[in-house]
Amino acid sequence: MDLVVSLGPILCPLLSCLCIWISLYAIISIINTNRSPEWNCRLVTIIHAIVSTALSYWCAFRTGPWPFDTFGEASTQFQTLIATITLGYFLFDFTWCLYMGTEGLNMLAHHMISVYSLSYIVINGYSGSEIVATIFGSEMTNPFLQMRWFLRETGNYELRIAYINDLVFLTLFLFLRLGPGTSVLYWTLKSSKPALVVKAGGIGLYLVGVVWSFYIMLFACKRFFGKKKVT
């Protein structure tokens, strides 16, 4: 009972965010009755990506603190809010993916590490800067990834806009994950302030990103240098 009371200030916002994402999915599903559950879930994913990218950008680069100067320090209320919103989304999406069986081991591992890391940071109230920087870098590319799926689903993947979308996606992904993403991981590991759990989560997410980067480069070679017909 005491544990529930002590976690009340954390659980209430988290459950509220989770309910918001579930409700949004339900509303979209009611509106798009002619679309598949995956179509509707990916619309929720795009909305989350836009919201989280905008909030994390504003937090990290407008209001501060500057993420590279505050590794392992106490999270601000704004950082905790962003982490809570994102954690609520990942709990929804991870549960949906498990139930529907749409994702492979790599994506499920990414979701599990994200839920684990976000939960730790929300509960303990530290390392908000690291998680906000990670959210910004990882979610910025998500709308382009989802757009790729929508274009394939609607039979428009050979249009010029689809090639442009793929080019923007792979460029941003490789730059953010291997550029600033490497820097964030390096300084997180070098600093003595972040907890071991945070460092382990950072390593896990980075390794998943490296695996994805390898497959994306293989995809880029096939997509842009293989036989294609652009319309």
Side-chain angles (χ1 to χ4, degrees), residues 45 48-49 51-76 78-87 89-91 93-94 103-145 168-220:
T45 298
H48 166 260
V51 170
S52 61
T53 299
L55 290 176
S56 57
Y57 166 79
W58 194 262
C59 178
F61 304 112
R62 302 293 293 180
T63 63
W66 180 249
F68 292 95
D69 294 335
T70 53
F71 287 108
E73 296 186 4
S75 304
T76 66
F78 196 8
Q79 290 170 342
T80 301
L81 173 63
I82 296 170
T84 302
I85 291 172
T86 302
L87 176 57
Y89 164 76
F90 271 110
L91 287 172
D93 196 53
F94 182 59
E103 301 296 339
L105 183 60
N106 203 1
M107 179 62 75
L108 292 178
H110 171 266
H111 276 42
M112 286 188 290
I113 296 171
S114 298
V115 168
Y116 179 69
S117 302
L118 285 163
S119 298
Y120 179 87
I121 288 170
V122 168
I123 293 172
N124 287 274
Y126 286 87
S127 292
S129 292
E130 296 95 302
I131 203 66
V132 166
T134 301
I135 290 171
F136 175 74
S138 59
E139 293 301 327
M140 181 184 288
T141 58
N142 212 327
F144 302 100
L145 176 62
V168 173
F169 166 70
L170 69 91
T171 301
L172 279 177
F173 187 96
L174 295 176
F175 170 73
L176 291 171
R177 298 297 177 108
L178 303 181
T182 301
S183 179
V184 170
L185 178 64
Y186 171 78
W187 289 108
T188 299
L189 296 178
K190 185 176 181 180
S191 176
S192 59
K193 292 183 179 180
L196 182 60
V197 171
V198 176
K199 295 183 178 184
I203 293 173
L205 289 175
Y206 186 80
L207 291 177
V208 171
V210 169
V211 172
W212 283 348
S213 297
F214 172 74
Y215 285 112
I216 285 174
M217 285 187 284
L218 291 179
F219 154 76

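Quantities reported herein were computed from a predicted structural model and do not represent experimental measurements.
To the nearest 0.5 Å, atom CG of residue Leu172 and atom CG of residue Leu145 are 12.0 Å apart. Taken to the nearest 0.5 Å, the CZ atom of Arg177 stands 8.0 Å off from the CG atom of Leu205. Atom NZ of Lys190 sits about 11.0 Å away from atom CZ of Phe71, to the nearest 0.5 Å. Note that CD1 of Ile135 and CG of Asn142 are 12.5 Å apart. Values are rounded to the nearest 0.5 Å. Interatomic distance, CG of Leu185 versus CG of Leu178, reported as 11.5 Å (0.5 Å rounding). Summarising the geometry, atom CZ belonging to Phe78 is positioned 9.0 Å from atom CH2 belonging to Trp58; distances are rounded to the nearest 0.5 Å.
What you find for Thr141 and Ser138 is that their closest heavy atoms are OG1-O, 3.3 Å. The shortest heavy-atom contact between Ser213 and Leu174 is CB-CD2, 3.7 Å. Contact between Thr86 and Ser52 at its shortest, heavy atoms only, is OG1-CB, 4.1 Å. Among all heavy-atom pairs drawn from Cys59 and Gln79, the shortest one is SG-CG, 3.6 Å. Minimum heavy-atom separation, Gly137 to Leu176: O-CD1, 3.5 Å. The nearest pair of heavy atoms linking Ser127 to Ile121 is O-CD1, 3.8 Å.
Between Phe94 and Phe90, the ring center distance fails the sub-6.0 Å criterion.
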Notebook entry, point to check: Can you list the steps and then say if Tyr215 with Val211 is a side-chain contact (heavy atoms from CB on, under 4.5 Å)?
Noted result: CA-CA 7 Å; Tyr215 285 112; Val211 172; 3.6 Å; yes
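The shortest side-chain heavy-atom distance between Pro194 and Glu130 falls under the 4.5 Å cut-off. For the pair Phe169 and Ile216, the minimum side-chain heavy-atom distance is below 4.5 Å.
Within a 6.0 Å sphere centred on OH of Tyr126, heavy atoms belonging to other residues, nucleotides or ligands number 12 at most. Summarising the local packing, CZ of Phe175 is surrounded by 12 or fewer heavy atoms from other residues, nucleotides or ligands at distances under 6.0 Å. Other residues, nucleotides and ligands contribute more than 12 heavy atoms inside 6.0 Å of the CH2 atom of Trp212.
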Do any side-chain atoms of residues 107-118 form donor-acceptor pairs under 3.5 angstrom with protein atoms, and if so which ones, sequence neighbours left out?
residue, atom, partner, partner atom, Å
His111, ND1, Met107, O, 3.2
His111, NE2, Asp93, OD2, 2.6
Ser114, OG, His110, O, 2.8
Ser117, OG, Ile113, O, 2.9

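Pairs passing the salt bridge (Lys or Arg N to Asp or Glu O under 4.0 Å) check and including a residue from residues 192-206, sequence neighbours excluded, read Glu73-Lys193.
Ser191 places no side-chain N or O within 3.5 Å of a backbone atom of Thr188 that could act as its donor or acceptor partner.
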